[in-house]
Amino acid sequence: MIKKVLTWLGIAFLIFFIAFNPNSAADVFSSLGGTIADIARGFGQFFTNLVA
């Protein structure tokens, strides 16, 4: 029950954040996307070095 409430609160906050601060929201998501890409590149490099 609490997990469901927290999930809906998180979604509501996300919608609120995007609606009232679209520029900041875009910056945050861009930063997160870059971080995820860096992590993926790191894993790729690791496995490349592991196999080679």
Side-chain angles (χ1 to χ4, degrees):
M1 181 67 175
I2 191 79
K3 184 178 178 181
K4 192 178 213 181
V5 170
L6 289 176
T7 300
W8 282 110
L9 284 174
I11 292 170
F13 175 75
L14 183 63
I15 292 169
F16 176 81
F17 183 61
I18 292 171
F20 289 100
N21 296 314
N23 292 331
S24 296
D27 290 341
V28 168
F29 282 104
S30 176
S31 176
L32 286 174
T35 301
I36 291 169
D38 289 341
I39 291 169
R41 257 191 302 278
F43 273 108
Q45 188 65 37
F46 170 75
F47 285 114
T48 299
N49 292 336
L50 187 63
V51 173

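Residue numbers count from 1 along this sequence.
- Ile2 meets the side-chain contact (heavy atoms from CB on, under 4.5 Å) test with Leu6; sequence neighbours excluded.
- The shortest distance between side-chain heavy atoms of Phe16 and Asn21 does not fall below 4.5 Å.
- Using a distance-only test at 3.5 Å, with no hydrogens or angles considered, a donor-acceptor pair links the side chain of Thr7 to the main chain of Lys3.
- Taking a 6.0 Å sphere around CZ of Phe17, one finds it holds more than 12 heavy atoms contributed by other residues, nucleotides or ligands.
- By the criterion of side-chain heavy atoms lying less than 4.5 angstrom apart, applied directly or through intervening Ile, Leu, Val, Met, Phe, Trp or Tyr residues, Phe47 is grouped together with Ile39 in one hydrophobic cluster.
- Judged as a side chain to side chain donor-acceptor pair (under 3.5 Å), the pairs with a partner in residues 38-52 (not counting sequence neighbours) are, in order, Asp38-Arg41, Gln45-Asn49.
- Rounded to the nearest 0.5 angstrom, Leu50 CG and Phe43 CZ are separated by 12.5 Å.
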